[in-house]
*Asks:* 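Here it is, the structure in full.
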Amino acid sequence: MSDKSIDRVAAATPAPVARKIRGLSDRAIAWIFVAPTIFLLLAINIFPLIWTIQLSFTNYKANRIGREVKNIGLRNYERILTDSDIWLNMQATAHFLFWTIFFQVLIGFTLAWLINKKFKGNDLWTTIIVLPMMLSPAVVGNFWKFLYQPQIGLFNYIVTWFTGAEPSSFEMLGSVDLAPWSIVIVDTWMWTPFVMLICLAGLRSIPDYIYEAAEIDRASKLRQFFTITIPMVLPFLMLAVLFRGIENFKMFDLVVQLTGGGPGSTTELTSINLKREAFEKWRTGYASAYAIILFVTVFGLASIYVKALNKVKER
Amino acid sequence: MKHLKLATVSALTLSAASFGSAASAEDLTLCWAAWDPANALVELSKEFEAESGHTMNFEFIPWPNFADRMLNELNSGGKLCDLLIGDSQWIGGGAENGHYVKLNDFFDSAGISMDDFAPATVYAYSTWPKGTPNYYALPAMGDANGWFYRKDWFTDPEIMAAFKDATGRELGEPKTQKEMLEIAQFFQGREIDGKTVYGASIFTERGSEGITMGVTSALYPWGFKYENTPGSYDMEGAVNSPEAVEALEFYKEFYKTATPPGYTNSYMGESLDAFKSGQVAMAMNWFAFFPGLYADPNTGGDKIDFFVNPPQNQAGSTLGGQGISVVSYSDKQDAALEYIKWFANPEVQAKWWSVGGYSAHNSVLQDPGFKDSAPFAGDFLEAMDAVQDFWQEPAYAELLLAMQKRIHDYVVADQGTAQEALDKLIEDWTEVFEDEGKL
Amino acid sequence: MSSFSVTEPSKRIKWFAGTMVILYALITMIPLAWIMMTGFKTPPDSISYPPKVIFEPSLEGYVNLFTTRTRIAPDDLAALPPPETWYDEIVRDRNMVIAGPSKFGERFVNSVIIGFGSTFLSIFLGTLAAYAFSRFKIPLADDLLFFILSTRMMPPIAVAIPIFLMYRNLGLSDTHLGMILLYTAVNISLAVWLLKGFIDEIPREYEEAALIDGYTRFQAFYKVVLPQAATGIASTAIFCLIFAWNEYAFAVLLTSATAQTAPPFIPTIIGVGGLDWPAVAAGATIFLLPVMIFTILLRKHLLRGITFGAVRK
Amino acid sequence: MAQIQISNIRKDFGDFTAVKESSFTIEDGEFFMLLGPSGCGKTTTLRMIAGLELPTSGEIYLDGEEISQKPPSQRDIAFVFQMFALYPHMNVRKNLSYPLISQGMPRAQVKAKIDEVAGILGIEDILNRPVGGLSGGDRQRVALGRAIVRDPKAFMMDEPLGALDAEFREHMAEELRALHDRMGATTVYVTHDQLEAMQMGDKIVVMNNSVVEQFGTPQEIYDKPATMFVADFIGSPSMNFLPFEGQVAPGEKSIDLSGFSSEVPELREGAAGNLIFGVRPENIQLNDTSAYRASVLATEYLGTTQIVTLDSPNGELKARIDADQVATVGEKVGLSFNADTVTVFDEASGRALRSSLNEGVLNNG
């Protein structure tokens with residue numbers, strides 16, 4: 001249809017006229033269209049990043065306007081990497097990352113698999129399940145803090161209802177053993193739907209005829225699950241893990257509201273620690289070095305991971 | 001150098017102010033924390049608006065974010081606040097970093113004398129360097145950490161008898177820290193009116209300043225000192241003195257054995273919640289909340305009473321409270337100074353106390369009727385006689401956050417010993433002072 | 001039995017799957033339901049223990065959310081003229097009078113301005129760039145696209161320090177414009193990627209026909225391409241909006257009063273003495289409603305947006 | 001190897017009936033075509049034989065065993081899908097070995113079997129390639145290989161050439177038929193392409209609107225169509241339908257076509273009303289002596305033959321005649337019909353009247 005209209009119009013318009021009224025060359029338009037985006041990213045992402053690198057070699061403090069700024073070389077990096085407290089923060093972050101991703105993948109995939117069974121009303125229930133991830137993490141964190149309150153919150157009473165343990169006998173946010181799990185629970189509650197949606201997209205991308213072929217090939221349902229469903233959803237799953245990994249490495253709002261890093265420093269993720277250094281202690285140079293170390297870590301891990309992902313995709 | 005310039009500016013503005021305030025009606029913004037006294041100040045300020053023709057706007061920030069938000073505002077050179085009722089510990093930074101206008105010349109010309117204010121408050125809220133006659137704020141709100149309790153429970157004959165049985169003492173306001181712990185432990189887990197209740201709610205908050213403000217209420221009565229000699233930054237043997245270790249261990253014991261479950265990250269709001277929901281027999285909090293608590297229709301009135309932070313080796317209370325400063329980034333400094341002049345007026349100060357603010361003015365505090373004007377007024381005077389404050393250094397935030405971490409790690413997260421916590425604290429603080437070039 | 005085929009799950013499995021998913025959905029809704037319920041409790045009910053599931057609903061939380069109140073002595077209260085409105089009455093019952101409106105309205109309006117402003121800008125710039133990447137040969141296009149995407153990986157705090165310094169110097173701190181620009185910069189990578197996917201799917205022939213008809217590139221772009229990409233633009237816009245609507249870290253660091261959005265504000269709603277949970281819950285509820293409505297309306301487009309356009313079938 | 005017997009099979013999808021009661025038998029070793037336009041129910045029938053759908057009613061016998069309600073894994077039937085349905089995340093070898101490993105064959109045996117099948121299909125060199133990058137023909141071979149490797153009782157093929165381009169299709173069709181001849185396995189093949197069906201099939205079932213219209217060898221279906229649909233669907237150009245009104249009785253050997261008496265195979269049944277005289281284009285000759293006159297509307301030259309479109313008293317018709325015969329547009333010509341190839345239809349029912357030509361065919365239908 002469209003082919004015909006092109007032909008018709010082409011025949012009707014004299015070539016030189018058409019060329020003249022096109023106005024600007026495509027090349028010029030391309031640059032006009034792309035430039036604002038690139039400029040914005042340079043100004044608000046790249047330039048600050050370079051500035052951060054530069055600051056990371058100084059003892060600058062942004063709240064001390066008159067103070068002399070000295071170049072102190074790699075001293076900030078040295079201090080950070082040899083600080084055992086920071087290594088503890090890294091461990092807390094790793095714990096948080098690993099378990100949130102583990103549970104989100106497990107529950108998210110299971111849910112997607114169940115939803116993909118196309119029961120009646122699955123659309124409605126999917127929408128309901130997805131709601132938590134649409135909320136503001138800060139507000140969510142704040143309210144979960146309330147829910148976790150052993151005396152007046154709901155969480156402990158629900159646990160009591162299932163286990164019979166006295167509600168005031170455990171403190172989700174206050175005990176060193178439970179607090180790291182409390183933040184995992186909330187993050188899992190909030191972001192499992194995200195993993196679920198990606199898995200669902202993966203499951204829906206597997207055409208029915210593949211399963212029919214497997215059925216004809218006499219593969220049992222179990223074998224189909226492990227040799228077809230899992231491998232074909234895997235690229236999607238890995239993508240979900242990448243997104244969640246990056247996001248949770250940056251995680252700040254939810255945990256700040258929930259525990260503020262406590263008790264002690266048990267849930268002080270690196271991002272919280274960094275915020276304290278940068279905007280509460282105002283050790284700008286030191287915090288810049290810290291930020292660079294984190295950025296390089298995320299970027300490095302993500303690049304390695306993306307390579308693995310591409311391999312899986314190419315298979 | 002910058003200070004000099006600022007001083008000139010303020011000198012100019014003050015002359016403008018004294019020449020006639022009606023020059024132009026300004027829109028002033030006053031920043032403070034969001035709490036009961038702030039609402040009282042709004043009421044009070046209506047008079048100023050009527051007198052001066054200026055309009056007052058208020059920006060009140062909740063306590064947990066107050067320091068963050070305001071210091072951020074100052075550090076970004078923001079023009080949001082013309083007047084700031086900033087926390088006492090900010091005075092060093094405010095002065096050294098040029099956030100606050102120096103007020104000496106203005107005080108002189110406006111006839112405001114610092115001798116009219118309680119010395120402890122002038123020292124704490126106005127001066128930098130500490131104790132020198134360099135004023136960056138006018139004492140606006142006296143405050144200290146105190147206690148309140150369920151008078152109805154304390155006077156319940158059954159409970160009193162049970163207490164006597166258990167301890168051999170009469171139940172009443174504690175006279176020492178250890179007595180207080182005993183009372184709290186007595187209530188811990190007790191069944192009253194069909195509910196399990198607990199001893200006391202204390203400050204354990206990690207994020208801003210909560211646990212430091214709580215633990216210093218134990219440290220000061222034990223005789224804790226920041227330095228061996230004031231101004232020397234010589235902390236070894238002071239910060240980690242045997243008394244300090246004992247006090248810290250005491251606070252941990254208090255936390256572990258006499259506080260309601262789940263109050264692991266609690267500050268002013270949580271402490272009030274615990275009390276109002278009937279969970280605790282006693283609670284620690286700032287005097288600033290006491291008028292509100294007393295007026296509360298559910299838990300106030302006859303059911304509540306107050307006491308000063310009990311002494312142990314000596315009397316000691318943690319200082320709260322704030323002075324009011326003029327922000328140097330403001331374009332309306334003259335109008336802002338006018339406000340301070342108005343606020344310093346003894347009549348205004350008297351009214352300030354009557355609406356729920358804690359005046360620091362001698363005319364109010366030394367009034368013979370003051371002690372009986374409220375059930376907590378006497379306690380307040382007593383507390384203010386023995387207050388101590390945290391570092392007020394420009395680097396106070398670094399010092400505070402280090403203490404928050406070390407104390408919380410020990411008290412709440414059970415890491416290490418009290419001795420280790422304080423030793424580490426000295427290390428952290430030494431590092432900060434080295435960075436500052438003061439060591 | 002009659003309509004069985006091998007890829008169609010059996011009734012029993014469907015029943016099982018449905019039950020499990022509904023069960024999960026119900027459990028996952030508990031916290032949300034609790035937030036909404038708390039909004040209708042009185043402050044004492046909200047902190048009662050054990051928690052109250054059945055309670056007498058009250059609008060006190062909503063009244064407290066939108067007002068600031070002053071406590072006055074009962075004697076003075078009795079001397080006042082009788083309350084004029086139902087909300088005056090609620091407040092009087094607590095020995096207080098309304099002192100004025102709270103900041104919630106302002107914060108909410110800020111959220112709207114910044115959320116929609118940055119969404120509009122992201123979509124505007126993103127559409128242009130996506131169109132260019134989709135239709136023109138741009139040198140190093142793949143590298144540029146990867147660069148755009150990689151900015152999304154940056155932890156916000158990593159650039160927050162210089163942005164803070166930069167905004168301080170440029171006077172952009174605590175301004176609507178500053179926040180709009182910042183959120184646009186964060187969102188634009190998502191916008192470009194999603195929109196490029198949508199525009200790639202619009203056949204080139206449409207614009208080519210328009211070009212030959214005598215339209216300029218610009219005309220062809222907004223008269224032919226834009227209408228075709230409308231759905232894609234709408235769903236991208238939702239994702240940008242949700243981010244800007246919920247963002248917290250930058251809002252805390254870079255705003256204080258004039259441009260502060262609701263997320264940093266809601267958790268700190270303070271009653272007269274202590275946290276006012278019903279008011280917090282009321283604020284949370286009001287703040288959640290727009291995104292909930294969007295989510296329900298646009299559920300069909302969720303998948304596409306969420307997978308970053310990586311799923312293109 | 002196996003015989004498949006379909007008996008009164010029916011499939012409903014809710015209110016929609018995909019296949020109405022249908023019966024036919026596929027003999028052992030036959031290359032059996034299921035032919036019909038899209039949506040006629042042929043694929044559903046095939047899927048029911050394979051077990052991908054279960055019939056609503058009716059039986060399917062595989063070597064005498066009733067299997068209609070069994071899952072595919074218990075039927076020993078292989079299936080080649082229209083889109084090949086290769087497992088995209090596996091390489092060729094893994095695709096081929098999948099059915100063998102599924103049934104628990106030892107590794108060594110699997111390898112031997114795959115090598116054998118790869119030899120048969122000529123795909124030894126691509127065994128370790130991912131299936132993503134393969135050409136259409138190679139995918140087709142792999143899909144076939146995956147079916148063959150199991151040595152199933154029967155093959156089901158759902159338009160297996162549909163995804164290939166025209167040129168390659170013919171080549172693959174030949175290859176497929178040759179493969180079948182070599183292996184002799186019962187094959188059921190679904191297509192909508194009548195040429196493919198005629199070219200490859202031993203037997204054909206023509207389906208339309210969920211029912212079996214006719215079932216027989218290609219010749220029978222071409223020469224002796226049971227219904228007007230079959231007559232029209234098979235052959236290009238398709239059979240000419242000349243409507244006439246009248247009455248015929250059993251035993252009659254001619255009919256009256258607009259006053260022209262035309263011979264027909266001896267009728268075995270009578271009918272009255274609107275009837276159709278059906279004759280294939282190649283069974284019409286231009287014959288100046290004939291009294292049945294028509295004018296030439298157009299000619300279409302096809303090399304050895306030409307198609308002449310004519311306007312007859314009973315409507316337009318097409319004749320296929322030798323290319324060297326002269327037919328000028330506008331000219332009036334006489335027409336004669338090969339009487340023994342004519343089929344008479346009842347227009348209302350679309351059914352062919354039984355006659356000496358088709359009685360054998362219709363009886364076994």
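Letters go in sequence order (proteins before strands), and every chain restarts at 1. No hydrogens, no waters, no symmetry mates; every other heavy atom, side chains included, goes into these values.
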*Asks:* Just give me the residue among D:D76, D:V149, D:L100 that pairs up with chain A most often, heavy atom to heavy atom, under 4.5 Å.
*Replies:*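 Most pairs with chain A among the choices: D:D76.
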*Asks:* Would you mind checking which part of A:T227 comes under 4.5 Å of any heavy atom in chain D, side chain (CB onward), backbone (N, CA, C, O), both or neither?
*Replies:*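 Both backbone and side chain.
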*Asks:* Would you say that D:Y87 contacts A:D217 through its side chain, given a criterion of any heavy-atom pair below 4.5 Å between the two side chains?
*Replies:*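 Touching, per the 4.5 Å side-chain cut-off.
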*Asks:* With rounding to the nearest 0.5 Å, note down the distance linking CD1 in A:I228 to NE2 in D:H89.
*Replies:*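 Rounded to the nearest 0.5 Å, the CD1-NE2 separation comes to 6.0 Å.
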*Asks:* Can you confirm whether more than 12 heavy atoms, excluding those of A:M90, are under 6.0 Å from its CE atom?
*Replies:*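 Atom CE in A:M90 is packed in, count exceeds 12.
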*Asks:* Evaluate the side-chain contact (heavy atoms from CB on, under 4.5 Å) criterion for residues D:R146 and A:I216: first the C-alpha distance (whole Å), next the side-chain angles of each, then the deciding distance (0.1 Å), finally the verdict.
*Replies:* CA-CA 10 Å; D:R146 202 175 57 185; A:I216 293 283; over 6 Å; no
*Asks:* Any chance you could measure A:R218, atom CZ, to D:I101, atom CD1, to the nearest 0.5 Å?
*Replies:* 14.5 Å
*Asks:* Could you tell me whether the side chain of A:E212 reaches within less than 4.5 Å of the side chain of D:F79, counting heavy atoms only?
*Replies:* no
*Asks:* Just so I understand: if I count every heavy-atom pair under 4.5 Å between each of D:A78, D:A50, D:A85 and chain A, which residue has the most?
*Replies:* D:A85
*Asks:* For D:K113, I'd like to know if atom NZ has over 12 heavy atoms of other residues, nucleotides or ligands within 6.0 Å.
*Replies:* yes
*Asks:* Considering non-hydrogen atoms only, spot the tightest contact between D:Y98 and A:A214 and give its length.
*Replies:* CE2-CB, 4.1 Å
*Asks:* Does atom CZ of A:F39 have more than 12 heavy-atom neighbours from other groups under 6.0 Å away?
*Replies:*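 Open: at most 12 neighbouring heavy atoms sit under 6.0 Å from CZ of A:F39.
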*Asks:* When rounded to the nearest 0.5 angstrom, what distance separates CE in A:M232 from CE in D:M90?
*Replies:*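 Separation between the atoms: 9.0 Å.
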*Asks:* Answer with side chain, backbone, both or neither: which region of D:N91 has an atom nearer than 4.5 Å to a non-hydrogen atom of chain A?
*Replies:*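 Neither part.
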